[in-house]
Amino acid sequence: MDASAVLSNALVVGSATAILGWLVSGLRRETRSTLGSFRTEMREEIGSLRAEVREEIAGLRTETHDELRAVRSDLTQIALALGVRRRAGNE
């Protein structure tokens, strides 16, 4: 092989390597950017879902407490209607 063939092969291989490297680095930058925005969106979505769940739990607690108070009141009324006396420790 003569020197010009070796030199032209080296230039072709070097150019192809440089082009592929540039394409891959661009792809990596684009992928990182996309992943970064995806993470941001997911964090925002998770934050809003957490807020919704907290509101739902607070509402359920309030409903449960109200229902328990109503049941307790009903049981007290039934006990008083039956003539149940208070225990010595509950005065």
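In this structure, CG on Asp2 lies 10.0 Å from CG on Leu7, to the nearest 0.5 angstrom. Atom CD1 of residue Ile78 and atom OG of residue Ser73 lie 9.5 Å apart, to the nearest 0.5 angstrom. Rounded to the nearest 0.5 Å, atoms CG (Leu80) and CG (Leu75) are 11.0 Å apart. One finds the CZ atom of Arg32 at 11.0 Å from the CG atom of Leu27 (value rounded to the nearest 0.5 Å). A distance of 9.5 Å separates CD in Glu67 from CG in Leu60, rounded to the nearest 0.5 Å. Separation of atoms CZ (Arg39) and OG1 (Thr34) is listed at 11.5 Å; rounding is to 0.5 Å.
At distances below 3.5 Å, not a single donor-acceptor pair connects side-chain atoms of Ser33 with backbone N or O atoms of Arg29. Between the side chain of Ser48 and the main chain of Glu45, a donor-acceptor pair closer than 3.5 Å is present.
Of all the heavy atoms in Thr17 and Val13, the pair that sits closest is OG1-O, 2.7 Å.
Between the side chains of Thr76 and Arg72, no donor-acceptor pair is found at a separation under 3.5 Å.
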